[in-house]
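A quick write-up on the structure given underneath.
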Amino acid sequence: MSGGSYNWLYDAQDLEELQARQYGLQEMSFRLAGLRYAQDAARETEELLVLFRQWQTRAAVRIARLSDVWRAVEYWDSADSGEVKVKAALAAYRADTHGTPPP
C-alpha cells in the first residue's frame with residue numbers, strides 16, 4: 001500500500017481531520033522546504049500550521065474564561081442548579097475580562 005508517510009495528509013476532508021494531522025503537516029512542511037523548487041508550497045504549509053497554533057492558543061484562553069459560565073448554564077438547564085449560579089458565573093467572567101480585550 002502506498003502513501004502514509006505523512007499520515008495521509010492529502011486525504012484530510014475538513015479542518016478537524018487536518019488539525020489531527022498536525023505532525024504530518026509539519027513533516028510535509030519540512031519536506032517541501034528541502035525541495036529547492038517547492039519553497040512557496042512549503043511556506044504556505046507552514047503558515048497553515050502557524051494558523052492552527054494561533055487558533056489553539058486563542059481558543060484555550062477563551063475556553064478557560066467561559067467554562068464556568070457554560071457549566072452554570074448546563075447545570076441550570078439540567079435542573080441541577082439555578083439562575084443565580086449563572087448570574088454569579090457571568091459576574092466572575094465579566095470581572096475577569098473587564099478591561100482585557102480577548103487575544
Side-chain angles (χ1 to χ4, degrees):
M1 180 175 202
S2 62
S5 297
Y6 303 95
N7 196 20
W8 291 273
L9 183 62
Y10 68 88
D11 197 37
Q13 298 296 310
D14 56 34
L15 288 176
E16 185 176 352
E17 286 183 20
L18 189 59
Q19 186 171 355
R21 298 174 187 181
Q22 286 185 60
Y23 178 77
L25 195 61
Q26 182 69 64
E27 292 302 306
M28 180 61 74
S29 173
F30 292 153
R31 177 69 173 112
L32 290 168
L35 302 173
R36 290 187 309 260
Y37 50 84
Q39 298 304 301
D40 52 347
R43 190 170 33 259
E44 190 165 2
T45 302
E46 181 62 30
E47 287 171 1
L48 185 57
L49 200 54
V50 167
L51 288 170
F52 273 126
R53 290 175 183 154
Q54 288 174 343
W55 180 84
Q56 287 171 319
T57 300
R58 289 175 165 204
V61 168
R62 284 173 172 79
I63 289 166
R65 282 199 308 243
L66 288 164
S67 65
D68 288 340
V69 173
W70 295 344
R71 179 184 312 133
V73 171
E74 187 165 340
Y75 276 38
W76 183 23
D77 288 353
S78 299
D80 295 322
S81 187
E83 186 177 13
V84 171
K85 296 256 182 169
V86 173
K87 289 180 178 181
L90 281 168
Y93 161 77
R94 290 177 179 139
D96 183 44
T97 60
H98 181 70
T100 307

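Model, not experiment: these values are computed from the prediction.
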**Request:** Answer yes or no: is there a donor N or O on one side and an acceptor on the other, between the side chain of R21 and the main chain of Y6, under 3.5 Å?
**Result:** no
**Item:** Contact summary for S29 and E46, nearest pair of heavy atoms
**Value:** OG-OE1, 3.2 Å
**Message:** Given 3.5 Å as the limit, does a donor-acceptor pair link the side chain of Q39 with the main chain of A33, or not?
**Reply:** yes
**Request:** Please step through side chain to side chain contact (heavy atoms under 4.5 Å, CB included) for the pair R94 and L90, ending with a clear verdict.
**Result:** CA-CA 6 Å; R94 290 177 179 139; L90 281 168; 4.0 Å; yes
**Message:** With side chain to side chain contact (heavy atoms under 4.5 Å, CB included) as the criterion, how do Q56 and Q19 come out once you've worked through the C-alpha distance, each side chain's angles and the decisive distance to 0.1 Å?
**Reply:** CA-CA 10 Å; Q56 287 171 319; Q19 186 171 355; 3.0 Å; yes
**Item:** Distance, nearest 0.5 Å, that separates CD of E74 from OG of S67
**Value:** 11.5 Å
**Prompt:** Side chains of Y93 and L66: closer than 4.5 Å at any heavy-atom pair?
**Reply:** yes
**Prompt:** More than 12 heavy atoms of other residues, nucleotides or ligands under 6.0 Å from CH2 of W70: is that the case?
**Reply:** yes
**Asked** Say you draw a straight line from CG of L9 to OG1 of T45; how long is it, rounded to the nearest 0.5 Å?
**Response** 8.0 Å
**Prompt:** Any idea which heavy atoms bring A38 and L32 closest together, and the distance?
**Reply:** CB-O, 3.7 Å
**Message:** Any heavy-atom pair between the side chains of V61 and R65 that's under 4.5 Å?
**Reply:** yes
**Message:** Tell me every residue that passes salt bridge (charged side-chain N to carboxylate O under 4.0 Å, His left out) with R43, counting only those two or more places apart in sequence or in another chain.
**Reply:** none
**Request:** Could you grab the distance from atom CG of N7 to atom CD of Q22, nearest 0.5 Å is fine?
**Result:** 12.0 Å
**Complete:** To the nearest 0.5 Å, atom NZ of K87 lies from atom CH2 of W76 at 7.5 Å
**Request:** Please say whether more than 12 non-hydrogen atoms of neighbouring residues, nucleotides or ligands are located less than 6.0 Å from CD in E44.
**Result:** no
**Request:** State, with a plain yes or no, whether a side-chain heavy atom of L15 is found less than 4.5 Å away from one of F52.
**Result:** yes
**Item:** Nearest-0.5 Å distance, CD of residue Q26 to CG of residue L49
**Value:** 5.0 Å
**Any pair counted as salt bridge (charged side-chain N to carboxylate O under 4.0 Å, His left out), so long as it reaches residues 5-16, sequence neighbours left out** = none
**Message:** Please tell me whether V86 and V69 are part of a single hydrophobic cluster in this structure, the criterion being side-chain heavy atoms less than 4.5 Å apart.
**Reply:** yes
